There are 2 protein chains.
Amino acid sequence: MTPSSRYLSLIVQGLEDSTPFTGPEAIERAQRRAFKARLGANENGFGPSPHAITAMQQAAVENWKYGDPDNAELIQAIAHHHKVPAENIVIGEGIDGLLGLALKAIIDPGDMVVTSNGTYPTFNGHVACHAGRLSMVNYRDDKEDLQALSDQAKRQQAKVVYVTNPDNPMGSTWSADDLKSFTQTLPSHTVLFLDEAYCELAPPGTVPPLDPQNPRVLRFRTFSKAYALAGARVGYVIAHKILVKAINKVRNQYGINRVGQIGALAALKDQTYLSNVTAKIIDARERLAHIALENDLQPLVSGANFVTMDCRQDGAFAKRVLSELLKRDVFIRMPTVAPLDRCIRVSTGPKQDLDIFQEALPEALKAARK
Amino acid sequence: MTPSSRYLSLIVQGLEDSTPFTGPEAIERAQRRAFKARLGANENGFGPSPHAITAMQQAAVENWKYGDPDNAELIQAIAHHHKVPAENIVIGEGIDGLLGLALKAIIDPGDMVVTSNGTYPTFNGHVACHAGRLSMVNYRDDKEDLQALSDQAKRQQAKVVYVTNPDNPMGSTWSADDLKSFTQTLPSHTVLFLDEAYCELAPPGTVPPLDPQNPRVLRFRTFSKAYALAGARVGYVIAHKILVKAINKVRNQYGINRVGQIGALAALKDQTYLSNVTAKIIDARERLAHIALENDLQPLVSGANFVTMDCRQDGAFAKRVLSELLKRDVFIRMPTVAPLDRCIRVSTGPKQDLDIFQEALPEALKAARK
């Protein structure tokens, strides 16, 4: 312990010094040049609704005002959109922020939390921050293994189980019916965190009906993906009012930026644009699958805004492919846990970005095979 | 306990259902009309630098990108501005967010925290969220009582003591020398949270020199007040690198919105604008003091962007004055704890807003005296 560490809390003294994701800007700083194609963070390069852009530009002038701490207008609009009561919605700084707040509201130190080995690492960081104990279940056939998650929740008397649907980083989906059955098999003391960051892009039949009367399921949504407002940091949870009230007690009341509030509201209201962008993302997903096949990689079926490509070798090889793409100024990412790490993960994006990826991939593969 | 409460953590089950501040929007919704003058939240109605506005408007188009999770460019600029190393700076979602993160990094459940009875209530909420024990010291002559705070920190073996300078809600200041002496009297196990939200507006000699080598002082700063970017939710802490590292471990890596990052950077670079706005705020402070005197209220000397006015009666009277001003569409706030609550607190702002306040105050006082 360094002399200054004695001022730190016991939890923080025990935390590892790791960040879930290196930002593309950090790589750009290290490479001393900008990426030509930004296809690594599952952003939506088609951009937000023009109405949202205009609204945010107008809001910039009045950014001397705090945003409404109640997020009332945005909550009303979300409630109307999903046909659920406003009391079942809480806004947070993206799903990232909300995962931490929901854990704070639900787990005590030492409580068991079950997740899949290789899915969203930010969640694991939050569990550590709240002194939860993490129990990992392996993927099965590149999908989160609902049966194993349920078994583990029972075995470990888990307080929380985390599922992403569509899954990140594999893009796989479970049907609404499968998830409904899964929820019913969970022990009565277990709360399901259902992370649906990509749900607007999933095939029909993927998203279970909302049921905010059920105190054992929290639905995590975001404006970062389909709505193309990753920079705005606005996500929301749909849940039982007891859970919403609990999250409201622990959140930063003034945590949401005003431009983001206004941008999210305008984006939500422009469902025509959302439909158009969704169609573009699905087209880009198909094109990415073709590019993969052209290069003898196996594209996995994706319900999200990215395509995960099996490089048909081990993690070391996929890592070389990724590294060669970064060198060629194409930002992508890859799963970090075996056997998922035999893949690279490429976000959808506009034609020009996919052109750049298409040109760089054969060279990167060639270099990686050397 | 309702049937659903059993899913909540013990800490959250014990938290009261209170919010530190009602937003002006909630009052507007209740009154069913907009305020004519927004002078309650210590915002800066003179608005941000035009360069910051332009930068934010340009950034809106690219708000599909996540902000840099390292906040690297902004941190570099802050480091350069304050002439401290970048490793001593961490960015958060306003001082509100950073107070919670810093407590998370430093206190264990049951640790004692000392603050002044009547100062920033958001801090107290964070202490409760982290299961700290709060010990309150009374103000003395409308100032935070440094001697009593230090004595209490010793008596209670406090892990943290919280001081705002300039103080909110009274606007009083301690000199840099007084604060330096105070810091030296604190027990060796106590860390000082020095909240300097308003420091750019304080008279010369108020702000102690930065000393990030000292692991026992955290300096909290914000772009919400002098820089007029309350809506952006960007604050920072200057502290020992061990503390910065600790806060980095527990913060939401993607918590800062991209438009806010870019706006704060542009605002920081426009120090000419900052000087001009500071002069306007000081003028407005003087005008508010005159308005108070005209109405037989006693303006307190302020080092911040508001003037607290002693209504020379009890809390019930000041509350009536406030209520009558709200009815007349003038948003102000007031201290909540006796004897500070004999005052109302009025933020500085542009001429037209102060005109509206000046017109409404005599009527409000008349109505309150009835």
Side-chain angles (χ1 to χ4, degrees), chain A residues 2 4-5 7-10 12 15 17 19-21 23 25-26 29 41 43-45 47-48 53 56-57 60-61 63-70 72 93-94 96-97 100 104-108 129 191 215 228-233 240 242 246 249-250 252-255 257-260 263, chain B residues 2 4-5 7-10 12 15 17 19-20 23 25-26 29 41 43-45 47-48 53 56-57 60-61 63-70 72 93-94 96-97 100 104-108 129 191 215 228-233 240 242 245-246 249-250 252-255 257-260 263:
Chain A
T2 62
S4 313
S5 316
Y7 298 108
L8 304 183
S9 62
L10 292 173
V12 169
L15 290 179
D17 193 14
T19 46
F21 295 109
E25 294 80 8
R29 286 190 292 272
E43 294 160 331
N44 180 348
I53 292 174
M56 291 188 288
Q57 286 176 333
V61 179
N63 218 9
W64 60 271
K65 295 180 184 174
Y66 287 101
D68 172 14
D70 299 328
E93 299 89 347
D96 280 10
K104 172 94 189 163
I106 293 174
I107 70 168
D108 292 305
C129 274
V191 173
L229 286 172
R233 312 318 300 129
H240 192 280
I242 295 278
K249 284 184 184 181
V250 295
N252 177 354
Q253 304 297 320
Y254 286 83
N257 70 97
R258 196 170 181 279
V259 171
Chain B
T2 63
S4 313
S5 315
Y7 298 109
L8 304 183
S9 62
L10 292 173
V12 168
L15 289 179
D17 193 15
T19 46
E25 294 80 7
R29 286 190 292 273
E43 294 160 332
N44 180 347
I53 292 173
M56 291 188 288
Q57 287 176 332
V61 180
N63 217 10
W64 59 271
K65 295 180 184 174
Y66 286 101
D68 173 15
D70 299 327
E93 299 89 348
D96 280 9
K104 172 94 188 164
I106 293 174
I107 70 167
D108 292 306
C129 275
V191 174
L229 286 172
R233 312 317 300 128
H240 192 282
I242 296 278
K245 223 171 164 178
K249 284 183 184 181
V250 294
N252 177 355
Q253 304 298 319
Y254 286 82
N257 70 97
R258 196 170 181 280
V259 171

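All values reported here derive from a predicted model rather than from experimental measurement. A, B, ... follow the sequence lines: proteins, then strands. Residue 1 opens every chain.
- What you find for A:Trp64 and B:Ala230 is that their closest heavy atoms are O-CB, 3.3 Å.
- Closest heavy-atom contact between A:Ala232 and B:Asn63: N-OD1, 3.6 Å.
- A:Lys65 meets the side-chain hydrogen bond (donor to acceptor under 3.5 Å, both in side chains) test with A:Glu62; sequence neighbours excluded.
- With a 4.5 Å cut-off on side-chain heavy atoms, B:Ser9 and A:Ile107 do not count as touching.
- Shown here are the salt bridge (Lys or Arg N to Asp or Glu O under 4.0 Å) partners of A:Glu93, two or more places apart in sequence or in another chain: there are none.
- Using a 4.5 Å cut-off between heavy atoms, A:Asn257 contacts chain B through both its backbone and its side chain.
- Heavy-atom distances place the backbone of B:Asn44, and not its side chain, under 4.5 Å from chain A.
- Closest non-hydrogen pair, B:Leu15 versus A:Val250, comes out as CD1-CG1, 3.8 Å.
- The shortest side-chain heavy-atom distance between B:Gln253 and A:Asp96 does not fall under the 4.5 Å cut-off.
- Chain B forms more heavy-atom pairs under 4.5 Å with one residue of A:Gly263, A:Gly45, A:Gly255 than with any other, namely A:Gly45.
- Considering only heavy-atom pairs separated by less than 4.5 Å from chain B, the leading option among A:Ala228, A:Cys129, A:Ala72, A:Ala105 is A:Ala105.
- For B:Lys104, the parts sitting under 4.5 Å from any heavy atom of chain A are the backbone and the side chain alike.
- Closest non-hydrogen pair, A:Ala26 versus B:Asp70, comes out as CB-OD2, 3.6 Å.
- Your options are A:Glu43, A:Arg29, A:Arg258, and the one with the most heavy-atom pairs under 4.5 Å with chain B is A:Glu43.
- Between A:Glu25 and B:Pro69, the closest side-chain pair of non-hydrogen atoms falls below 4.5 Å.
- Between chain A and the residues B:Ile53, B:Asp68, B:Asn252, B:Val12, the most heavy-atom pairs under 4.5 angstrom are made by B:Asp68.
- Of the atoms belonging to A:Val191, it is side-chain heavy atoms, and not backbone ones, that fall under 4.5 Å from chain B.
- Using a 4.5 Å heavy-atom cutoff, the side chains of A:Leu8 and B:Lys249 are not in contact.
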